[in-house]
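First the structure, in the form of structure tokens, and then the observations on it.
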Amino acid sequence: MKTKVIRLASRPQGLPTAAQFQFDTLDLPATGAGQVLLKTRYVSVDPYMRGRMNEGKSYVPPFEVGAPLAGGVVAEVIESQHEALPVGSVVVGNLPWQEYILSDGKGLNRIPTDKAPVSYFLGLLGMPGLTAYFGLLDICQPKAGETVVVSGAAGAVGLIVGQLAKIQGARVIGTAGSDEKVAYLRQLGFDEAINYKTTPDIAQALAAAAPAGVDCYFDNVGGAITDAVYDLLNKHARIALCGQISSYNDTETPVGPRPETKLLKTSARLQGFIVGDYFSRWPEGVQQLTEWYSQGKLQTEETITEGFDQIPAAFLGLFKGDNTGKAIVKVS
Ligand code: NDP
């Protein structure tokens, strides 16, 4: 059996280009004892993959040059010699970017096909949903009546953060990069939404949207938006430092205002986190998100690109704001 595979061709300097992705064909051996053959259905493209393209120590090892790129994948078992994974099972796991994958089943989670579209296990009911759930509820801990700001609000994590904050009774302000995204956030129930690309003065716009100051900030992007939010922090504000996408393609260490004095004066708490820190509590998170989804309290959105060959383009689109909600590639 032959499969297409996408390998990391070279490490990018700055914004990656198509040249970083090498399409290749791989021969897969026959399915052996204890193994399954998977057919890829959906591939998740995520901003953290940009970090893995760099050399150097991080919370996950870098991708190796010449090796397949990998990430969240939903796949169907089409051949099985594995007791717990019969043919027809749908699984999610961290898997290589291939159309077909041979696996020993380790690290694969079987997912229900009757609860929600299976692609949601890469978004709302998967890693991004859990990031929103633990980052907001564990670190920010918003209370009714408080003001929550979320940057990158119309993305996979951000739109769930905003809705979870509304469930907690907070006032929610989101920033996003287009008028369509802003309209979508208002439709979702965000109290205020700001297009950071067209607003002439983001600090002024945020101050106007948050007249009572900011109690919680869920930071997905960093940079100028974050600098502006720090000026609005209330006493005992909580900041969940989730992502810094505005600097992922920088070739030099970003510089900006030093926030320490602002944190000191407001007794604010800034905490970085990785969703994997909460691994032992993932079942709790999936259960609660599934419940809110089935009760109609949580909605989601996907930007689905069709075709295995489009995976690199969908990934690069994350840095141009092409996606509203979860960026997914439908492979089959
Ligand atoms: P998104 O679905 O939000 O996709 C990325 C979005 O980022 C784009 O659509 C774009 O939206 C925005 N963006 C791109 N470049 C910039 C920029 N220069 N300045 C501001 N916004 C930009 O991705 P996710 O929801 O999956 O991830 C959101 C953040 O959370 C990322 O930083 C990611 O690394 C982080 N993350 C962290 C995790 C953790 O464990 N700590 C786990 C998962 C994600 P727009 O049109 O608004 O510009």
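Numbers here simply count residues along the sequence, with the first being 1.
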Quiz item: Is there a donor-acceptor contact under 3.5 Å linking the side chains of Tyr293 and Gln299?
Solution: no
Quiz item: So, Gln98 side chain and Tyr100 main chain: donor-acceptor pair closer than 3.5 Å or not?
Solution: yes
Self-check item: Main-chain N/O of Gly135 paired to Asp138 side chain as donor or acceptor, under 3.5 Å
Solution: no
Self-check item: Asn234 side-chain N/O to Ala212 backbone N/O, donor-acceptor pair under 3.5 Å
Solution: yes
Quiz prompt | Reported CD-to-CG distance for the pair Gln163 and Leu185, which is rounded to 0.5 angstrom | solution = 9.5 Å
Practice problem: Output yes when a side-chain donor or acceptor of Glu146 lies under 3.5 Å from a complementary backbone atom of Lys143, and no otherwise. | Solution: yes
Quiz item: Do Arg11 and Asn54 get their side chains close enough for a donor-acceptor pair, meaning under 3.5 Å?
Solution: no
Quiz prompt | Spatial distance of atom OG (Ser44) from atom CD1 (Ile328) [nearest 0.5 Å] | solution = 5.5 Å
Quiz prompt | Within-4.5 Å side-chain heavy-atom neighbours: Lys265 and Lys235 | solution = no
Self-check item: Sidechain-backbone polar pair: Thr25 side chain, Lys4 backbone, donor-acceptor under 3.5 Å
Solution: no
Exercise. Using the six-membered ring of Phe63, assess whether NZ or CZ of Arg52 lies under 6.0 Å from its centre and within 45 degrees of the ring axis.
Key: yes
Quiz item: Would you say Leu28 and Val91 are hydrophobically clustered, going by side-chain heavy atoms of ILVMFWY under 4.5 Å?
Solution: no
Quiz item: In Å, rounded to the nearest 0.5 Å, how long is the span from CD1 of Ile194 to CD of Glu192?
Solution: 7.0 Å
Self-check item: Ion pair check, Glu76 and Arg41, cut-off under 4.0 Å
Solution: yes
Practice problem: Return yes if some donor-acceptor pair links the side-chain N/O of Lys181 with the main-chain N/O of Asn323 below 3.5 Å, else return no. | Solution: yes
Self-check item: Phe21 side, atom CZ; Asp24 side, atom CG - distance, nearest 0.5 Å
Solution: 15.0 Å
Quiz item: Would a distance-only check, ignoring hydrogens and angles, find a side-chain to backbone donor-acceptor pair under 3.5 Å from Gln20 to Thr17?
Solution: yes
Quiz item: Can Thr31 and Glu79 be said to form a side chain to side chain donor-acceptor pair (under 3.5 Å), step by step?
Solution: CA-CA 7 Å; Thr31 309; Glu79 282 180 22; 2.7 Å; yes
Exercise. Identify whether the distance between the nearest side-chain nitrogen and carboxylate oxygen of Glu291 and Lys297 falls below 4.0 Å.
Key: no
Quiz item: Is the closest side-chain donor-acceptor distance between Asp219 and Thr226 under 3.5 Å?
Solution: yes
Quiz item: Can you list the steps and then say if Tyr248 with Tyr48 is a ring pair (Phe, Tyr, Trp, His ring centres under 6.0 Å)?
Solution: CA-CA 9 Å; Tyr248 289 175; Tyr48 79 87; 9.7 Å; no
Self-check item: Any donor-acceptor N/O pair, Asp191 side chain to Val172 backbone, under 3.5 Å
Solution: yes
